[in-house]
Structures are given as C-alpha cells and as structure tokens.
Amino acid sequence: MPSFCPDCGSSAPPEARFCMGCGRLRQAAGAATPAVPATPTAPDLPALVPDVTPAAPSGSARPSRRVLKWVAIGLAAFLAGGVATAAALYVGDRGGSGHRADRAGTPSGATTRASGPGPSADASPTATATGNPTGSPTGNPTGAPVGEPSGGPTGGPAAALPAGFVRRYDPNGFSLAVRSDWQRSPKGTQTDYRAPVGEQYLRVGVIAAAPQSSYENFLGMERGARKRVDYQRVEMRKNTFQDRPGARWEFTYVNDAGDTVHAVDQAYVAADGTEYSIYYECPEALYAPAADQVFSTALATWSVSATDVD
C-alpha cells in the first residue's frame with residue numbers, strides 16, 4: 001500500500017527510502033524517527049543551486065518543490081558519502097531526464113554549443129607560447145616595393161659616366177652627359193654645349209611636328225652642305241635610335257680658317273612627332289672614333305622628358 005510524504009504529500013512505495021517528490025529521507029513503518037539535521041536553505045548551498053526558477057503564479061507548488069528537490073539531492077549526497085548516489089537519485093526523478101543530467105554536469109559559466117553548421121571549437125586559433133594566435137602572418141608582406149625611383153627624365157639607356165663628365169637636364173626637355181667644363185649656349189630651337197677653348201661642341205636641335213623622317217631631312221640638308229669647301233660625305237644611313245626610326249650622317253669639310261672639320265649627326269623622330277638631332281663637331285685632328293667619348297657618351301646618356309616644345 002503506498003504511503004505519502006509528510007513534507008510534500010507525494011505518494012511512494014512503502015519500500016522507498018527517499019521521497020520521489022522532494023527527495024527527503026523517509027522512515028520505515030514502525031521505525032523510530034531518527035534525528036535529522038536541519039535542512040539547509042537554498043542560499044546556504046549556492047554551488048548546488050545553479051539556477052532558480054522565478055516564482056510561479058499563486059496556486060502552483062512546482063517551483064518550491066524544485067528548490068527542495070535540489071536541496072534534498074545535495075543533502076542525500078552528503079549523507080550517503082558519494083556524489084554517485086545523488087546523481088542516480090536525480091536521474092531517476094520522473095523517468096531520468098537526460099537533458100537535466102547534462103545541465104547538472106555543466107561547469108558554472110560554461111557555454112554549451114548547439115550542434116549544426118558553423119565552425120567547431122577545434123577550428124578556433126590556438127594560443128602560442130607568446131600569446132599570439134597561431135597562423136598569424138609573420139615578417140613583411142610579400143610584394144612590397146623595394147628601392148627608390150631614380151630622379152630626372154627617364155627613358156634613356158643607362159650608362160656609367162666617364163671621368164670628367166656630368167649629366168645636364170636641359171630646359172628644352174632633354175638630358176645628356178657632357179664634359180663638366182663645357183658651357184651651355186642656347187640659340188632658338190638649338191642648344192650648344194661648347195668647350196671652353198677650340199672649335200669643339202655638341203649641338204642639340206629640336207623640331208616640333210617634324211614633317212618628314214630624319215633620313216629625308218638629312219638628304220635635304222646635304223644639298224646645302226655641298227656648298228661648303230671640300231665637303232665629303234663619310235656616311236649617311238637609316239638606323240634605329242631610342243627604339244624609333246632614325247638616321248646617321250657623317251661628313252667633313254673645310255672651315256673659313258682653312259681647318260678640316262669632322263662632323264657626325266644622329267637624329268630620330270620621337271613618338272610625339274618631335275625630331276631630335278644630336279650633332280658633334282670638332283677639328284679633324286681631334287676626331288678618333290675608337291677613342292671618342294664626347295659623342296658616344298651623349299648618345300648613351302640621351303633621354304627626353306615630358307617638356308613640351310613650341
């Protein structure tokens with residue numbers, strides 16, 4: 001015949017030692033009532049009460065029974081001398097709810113992760129000995145620019161300057177290397193760099209919107225050069241300069257002083273239609289193609305900037 005708990009009124013088989021409703025230790029029929037320590041209240045055992053359900057509306061006894069149940073489980077575990085007894089009693093409560101047993105085993109403050117899509121806990125970066133997450137980039141980013149851009153106009157071939165030469169950046173929009181003691185002397189669309197003494201100079205001519213090729217221009221100029229005393233053509237041919245169509249003209253003549261002069265001219269038409277001519281003249285006695293530095297250095301260091309030519 002079932003009996004009833006004097007504390008909560010729940011029914012239980014006569015052989016049950018604990019109340020199935022509140023978990024209180026029950027007495028066997030006819031047994032003497034042992035002295036039971038006062039039941040600690042919920043505030044005295046904060047670690048055994050992970051959450052407290054808010055008070056239910058008046059007339060419902062379930063919230064107070066839940067609190068008493070937790071208190072009874074803790075007391076039973078203490079009296080039985082082992083946590084296993086309390087766990088077994090709690091799981092056995094009303095069919096042994098596995099969900100509540102899992103909550104009871106969750107450490108305080110731990111967060112449970114729901115199953116389903118998304119990164120798992122193993123995908124999180126782990127800390128190294130220094131405290132930085134593994135997989136962090138180290139060193140400098142790849143592909144960073146190295147070095148500094150060179151100054152002055154660009155586009156000309158690179159060349160080491162011979163001793164005594166300097167690079168000149170001309171206001172007319174070109175650059176080349178000449179002897180350091182040569183002086184600049186502009187004349188309209190022509191710019192001379194002359195030696196301090198003697199008849200030796202470099203002349204740069206600039207013709208905007210050239211109407212013809214450099215080779216055709218040389219052929220027209222030669223008709224006038226033939227009027228000079230003892231004019232002799234050494235060479236006239238088409239070539240390529242600065243990756244553009246050009247021409248080279250070399251000749252000799254006798255000047256008014258009766259000295260033989262050697263001249264060589266390299267011209268080309270740039271992509272914008274401007275024709276540039278680098279002309280060198282010196283006494284025949286000073287011209288030595290194998291040992292030349294003035295004309296060859298001028299060509300090797302020639303460069304054009306974005307300066308407009310009127």
- [ ] Output, in order, the C-alpha distance, side-chain angles, deciding distance and verdict of side chain to side chain contact (heavy atoms under 4.5 Å, CB included) for Y215 and W249.
- [x] CA-CA 9 Å; Y215 183 78; W249 179 23; over 6 Å; no
Open item on the list: For T301 and F165: C-alpha separation, side-chain torsions, deciding distance, then whether side chain to side chain contact (heavy atoms under 4.5 Å, CB included) applies.
Closed with: CA-CA 11 Å; T301 59; F165 281 74; over 6 Å; no
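The distance from atom CD1 of I278 to atom CZ of F174, rounded to the nearest 0.5 Å, is 9.0 Å. If you take OG on S213 and CG on L219, they are separated by 8.0 Å, rounding to the nearest 0.5 Å. In this structure, CZ in R168 is found 12.0 Å from CG in L202, a value given to the nearest 0.5 Å. With values rounded to the nearest 0.5 angstrom, F218 atom CZ is found 9.0 Å from F251 atom CZ. Once rounded to the nearest 0.5 Å, the distance linking CD of E275 with CG of N217 reads 4.5 Å. We find the CZ-CG distance between R184 and D170 to be 4.0 Å, quoted to the nearest 0.5 Å.
Cluster membership check: Y201 shares its hydrophobic cluster with Y253, using side-chain heavy-atom separations under 4.5 Å among Ile, Leu, Val, Met, Phe, Trp and Tyr.
Partners of N255 by side chain to side chain donor-acceptor pair (under 3.5 Å), not counting sequence neighbours: none found. Judged as a side-chain contact (heavy atoms from CB on, under 4.5 Å), and not counting sequence neighbours, the contacts of E199 are R194. Residues passing the side chain to side chain donor-acceptor pair (under 3.5 Å) test with D292, sequence neighbours excluded: S296. Residues passing the side-chain contact (heavy atoms from CB on, under 4.5 Å) test with P196, sequence neighbours excluded: D181, W182. Considering only residues two or more places apart in sequence or on other chains, R248 meets the salt bridge (Lys or Arg N to Asp or Glu O under 4.0 Å) condition with E235, E250. For R203, the side chain to side chain donor-acceptor pair (under 3.5 Å) partners two or more places apart in sequence, or in a different chain, are D192.
With Q266 as the fixed residue, the side-chain contact (heavy atoms from CB on, under 4.5 Å) test singles out one of F295, W302, Y279: F295.
In the model, Y280 has a side-chain atom that pairs as donor or acceptor with a side-chain atom of Q200 under 3.5 Å.
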